[in-house]
Amino acid sequence: MKISPCDVLVIVVTTALVLFGRLNVEAENLKFDKFVAQHIELQLKGVLLRAQQ
């Protein structure tokens with residue numbers, strides 16, 4: 001089976017898009033995790049402040 005340069009290009013581009021897509025999804029998940037962590041931290045601070053009063 002002979003692979004033409006066009007086929008190689010298609011394979012490389014597809015692989016790059018899949019990897020880039022995965023990295024994008026992971027970055028979005030990290031942003032979301034940070035947001036949730038900050039929200040929980042603020043709630044805890046609020047509870048602690050109320051407990052001290």
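Both backbone and side-chain heavy atoms feed into the values below; hydrogens, waters and symmetry mates do not. All values derive from a computational prediction rather than experimental measurement.
Residues passing the side-chain contact (heavy atoms from CB on, under 4.5 Å) test with Val47, sequence neighbours excluded: none.
The structure places CG of Leu44 at 11.0 Å from CG of Leu49, a figure rounded to the nearest 0.5 Å.
Val8 places a side-chain heavy atom less than 4.5 Å from the side chain of Val12.
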task = Starting from the C-alpha separation in whole Å, work towards a yes-or-no answer on side-chain contact (heavy atoms from CB on, under 4.5 Å) for Ile40 and Val36.
result = CA-CA 6 Å; Ile40 292 171; Val36 170; 3.8 Å; yes
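Judged as a salt bridge (Lys or Arg N to Asp or Glu O under 4.0 Å), the pairs with a partner in residues 5-28 (not counting sequence neighbours) are, in order, Glu28-Lys31.
Connection of Leu17 to Leu9 is established within a shared hydrophobic cluster, with ILVMFWY side chains joined at heavy-atom distances below 4.5 Å, either directly or through further cluster members.
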